[in-house]
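The next block holds one structure in the form of structure tokens; read it before the comments.
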2 protein chains.
Amino acid sequence: MTPRSPRPRDRGIPEATVARLPVYLRALQGMAERGTLTISSEDLASIAGVNSAKLRKDLSHLGSYGTRGVGYDVDYLVYQISRELGLTQDWTVAIAGVGNLGRALANYGGFGTRGFRIAALFDADLRVVGDEVAGLVVRHIDTLEDVVGSEDVAIGVIATPAVSAQGVCDRFVEAGVTSVLNFAPVVLNVPPAVDVRKVDLSIELQILAFHEQRKADGQAPPEAGWIDATEKT
Amino acid sequence: MTPRSPRPRDRGIPEATVARLPVYLRALQGMAERGTLTISSEDLASIAGVNSAKLRKDLSHLGSYGTRGVGYDVDYLVYQISRELGLTQDWTVAIAGVGNLGRALANYGGFGTRGFRIAALFDADLRVVGDEVAGLVVRHIDTLEDVVGSEDVAIGVIATPAVSAQGVCDRFVEAGVTSVLNFAPVVLNVPPAVDVRKVDLSIELQILAFHEQRKADGQAPPEAGWIDATEKT
DNA sequence: CCTACTTTGTGCGTACTTTCACAAGGGCGT
DNA sequence: ACGCCCTTGTGAAAGTACGCACAAAGTAGG
């Protein structure tokens with residue numbers, strides 16, 4: 001099993017696993033800061049809110065980085081997960097739309113510290129263009145192509161109103177962006193080579209409403225103990 | 001039209017389906033506004049960015065609301081999906097944390113129009129308490145219990161810094177909130193009867209980075225046509 | 001060196017999801 | 001009234017994901 005070749009580098013990590021790696025990473029970074037050297041799958045799983053078998057299976061996709069009887073070396077695992085997620089290199093991000101949401105994103109600390117550099121903020125509203133937000137001057141949306149080209153932006157973030165989203169997306173894609181994070185409540189149309197992920201507040205609330213309604217209809221749901229949120233994604 | 005048996009009311013709608021219903025609903029509401037009366041699964045699927053077979057199977061969980069040879073009645077389907085999601089009743093929401101993100105959420109239009117009423121905004125920072133945001137006066141976090149109790153808040157939104165999130169969550173839960181939408185980058189601990197959904201910007205970016213890295217490693221990915229974003233959730 | 005104990009990595013059964021492909025149902029023109 | 005054509009609803013297959021339970025592998029102590 002895994003004859004320790006130069007690189008286990010399995011190119012087929014399940015999507016569900018990829019979505020959990022950032023959670024493990026954050027937990028591990030917290031451990032590292034607190035000076036913990038090693039951690040067992042059981043403990044890490046508990047912090048991350050998942051089943052320990054699932055955690056071990058997830059990590060096994062990256063290679064055999066644990067030590068039986070001991071656990072995982074925290075720093076080493078941080079490095080391996082970071083590398084797998086592509087966080088050992090820097091990614092350049094541009095944000096379109098500087099409303100409250102755009103500002104919240106621009107000021108979000110977790111950006112820079114994790115390999116994401118904000119190259120530019122764009123807006124169409126001339127009352128906002130020229131303002132300084134999070135240390136950057138807001139540029140007019142019509143400079144998008146120039147900036148994306150010269151700064152080699154890989155990820156475009158869309159925080160515009162819904163009506164503008166597809167147009168901005170098209171311009172991002174045309175300019176060479178290959179990943180888009182969409183906060184606007186619309187389904188974006190992109191070529192197959194472009195990845196899109198969406199974050200949609202209204203959808204999340206509606207899903208919660210669905211379950212809330214169930215609880216009301218049914219009645220006393222099973223109440224047992226205090227568990228880690230399974231945070232269904 | 002469609003006399004239908006009393007209630008197919010299958011209480012077992014798959015989670016994956018529930019997550020897509022809001023997307024269909026939004027697409028249908030757009031159609032309704034534009035005056036479209038009926039729509040085929042093929043067309044609706046295309047707008048929603050999913051496979052038409054998947055759409056039909058999703059809708060089949062709600063009952064048989066289509067007409068063969070014709071398609072679905074837009075208004076009727078809007079109603080059925082709304083009812084299933086619990087949007088025919090109003091849900092009361094409270095938001096904790098009135099930073100840029102909290103403001104963005106409070107000002108987000110899609111709230112009120114879809115059955116979600118914001119009952120209160122809370123913050124711990126005295127410089128913010130008393131401000132008016134989106135027509136509401138920001139209250140001190142210590143009034144959370146009073147308000148949640150008297151306003152019958154069902155959904156708590158956490159838009160605080162990470163360090164405060166678990167504390168606020170505990171107070172929400174203790175006060176009787178049974179659904180939580182968490183924007184803070186932490187894994188929340190809640191009793192089993194409480195639903196938690198998380199929205200985590202940093203995780204989304206890391207997932208995009210992973211795929212971005214793949215594209216770079218590999219090389220020319222298959223480029224074929226122009227498709228609907230599959231927006232992996 | 002050998003035994004007892006701990007924790008990983010994974011084989012396997014189960015459950016959920018997606019997709020295909022097609023029979024059944026319903027409208028519409030003649 | 002009949003038959004053609006369209007679109008739904010669904011059985012079955014294929015692909016994913018999950019979690020149990022345990023053998024393998026490593027530590028620690030005598």
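Below, chains carry the letters A, B, ... as their sequence lines are ordered, and counting in each starts from 1.
Straight-line distance from the OH atom of Y65(A) to the C1' atom of dG26(D): 19 Å, rounded to whole Å. Rounding to whole angstrom units, CG of residue L77(A) and C1' of dT7(C) are separated by 15 Å. For the pair H61(B) NE2 and dT8(D) C1', the computed distance is 15 Å after rounding to whole Å. Taking atom CG of residue L59(B) and atom C1' of nucleotide dT7(D), one finds them 13 Å apart after rounding to whole Å.
Every pair tested for salt bridge (Lys or Arg N to Asp or Glu O under 4.0 Å) that includes a residue from residues 177-187 of chain A fails, sequence neighbours excluded, so the list is empty.
Near DNA chain C, defined here as any heavy-atom distance below 4.0 Å, the residues from residues 36-44 of chain A are S40(A), S41(A), listed numerically. For DNA chain D, no neighbouring residue in residues 21-30 of chain B is found when judged by any heavy atom under 4.0 Å.
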Checklist entry - Would D90(A) and T92(A) satisfy side chain to side chain contact (heavy atoms under 4.5 Å, CB included), going step by step from the backbone distance to the final call? => result CA-CA 7 Å; D90(A) 275 5; T92(A) 304; 5.9 Å; no

Checklist entry - Would R197(A) and V180(A) count as a side chain to side chain contact (heavy atoms under 4.5 Å, CB included) if you check the C-alpha gap in whole Å, the side-chain angles of each, and the deciding distance to 0.1 Å? => result CA-CA 6 Å; R197(A) 291 192 66 84; V180(A) 173; over 6 Å; no

Checklist entry - Step by step, would you call I203(A) with K198(A) a side chain to side chain contact (heavy atoms under 4.5 Å, CB included)? => result CA-CA 10 Å; I203(A) 287 180; K198(A) 71 164 180 294; 3.9 Å; yes

Any N/O pairs under 3.5 Å between the protein and nucleotides 16-20 of chain D? List them or say none.
{"residue": "dC18(D)", "atom": "OP1", "partner": "R20(A)", "partner atom": "NH1", "Å": "3.2"}
{"residue": "dC18(D)", "atom": "OP2", "partner": "R20(A)", "partner atom": "NH1", "Å": "3.2"}
{"residue": "dC18(D)", "atom": "OP2", "partner": "R20(A)", "partner atom": "NH2", "Å": "2.9"}
{"residue": "dG19(D)", "atom": "OP2", "partner": "K54(A)", "partner atom": "NZ", "Å": "3.3"}
{"residue": "dG19(D)", "atom": "O6", "partner": "K57(A)", "partner atom": "NZ", "Å": "2.3"}
{"residue": "dC20(D)", "atom": "OP2", "partner": "N51(A)", "partner atom": "ND2", "Å": "3.2"}

I'd like a list of close polar pairs between nucleotides 2-4 of chain C and the protein, N/O only, cut-off under 3.5 Å.
none

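A distance of 10.5 Å separates CZ of F172(B) from CG of L181(B), quoted to the nearest 0.5 Å. Note that the CD atom of E42(A) and the CD1 atom of I47(A) stand 11.5 Å from one another [nearest 0.5 Å].
Under the ring pair (Phe, Tyr, Trp, His ring centres under 6.0 Å) criterion, Y76(A) pairs with Y65(A), not counting sequence neighbours. In this view, S41(B) and R56(B) satisfy the side-chain hydrogen bond (donor to acceptor under 3.5 Å, both in side chains) rule, not counting sequence neighbours. Under the side-chain contact (heavy atoms from CB on, under 4.5 Å) criterion, E174(B) pairs with no residue, sequence neighbours left out. In this structure, the side-chain hydrogen bond (donor to acceptor under 3.5 Å, both in side chains) partners of S202(A), at least two apart in sequence or on a different chain, are Q206(A). For Q89(A), the side-chain contact (heavy atoms from CB on, under 4.5 Å) test picks out W91(A), Q213(B), with sequence neighbours left out. Every side-chain hydrogen bond (donor to acceptor under 3.5 Å, both in side chains) that T178(A) has, sequence neighbours left out, goes to E212(B).
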Side chains of residues 19-26 of chain B: which donor-acceptor partners sit under 3.5 Å, not counting sequence neighbours?
{"residue": "R20(B)", "atom": "NE", "partner": "Y24(B)", "partner atom": "OH", "Å": "3.4"}
{"residue": "R20(B)", "atom": "NE", "partner": "D58(B)", "partner atom": "OD2", "Å": "2.7"}
{"residue": "R20(B)", "atom": "NH2", "partner": "D58(B)", "partner atom": "OD1", "Å": "3.1"}
{"residue": "R20(B)", "atom": "NH2", "partner": "D58(B)", "partner atom": "OD2", "Å": "3.3"}
{"residue": "Y24(B)", "atom": "OH", "partner": "D58(B)", "partner atom": "OD2", "Å": "2.6"}
{"residue": "R26(B)", "atom": "NE", "partner": "P185(A)", "partner atom": "O", "Å": "3.2"}
{"residue": "R26(B)", "atom": "NH1", "partner": "D200(A)", "partner atom": "OD2", "Å": "3.1"}
{"residue": "R26(B)", "atom": "NH2", "partner": "D200(A)", "partner atom": "OD2", "Å": "2.3"}

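For R68(B) against dT7(D), a side-chain-to-base donor-acceptor contact under 3.5 Å is absent.
Between T67(A) and Y72(B), the residue anchored nearer the 5' end of DNA chain D, judged by the nucleotide with its closest heavy atom, is Y72(B).
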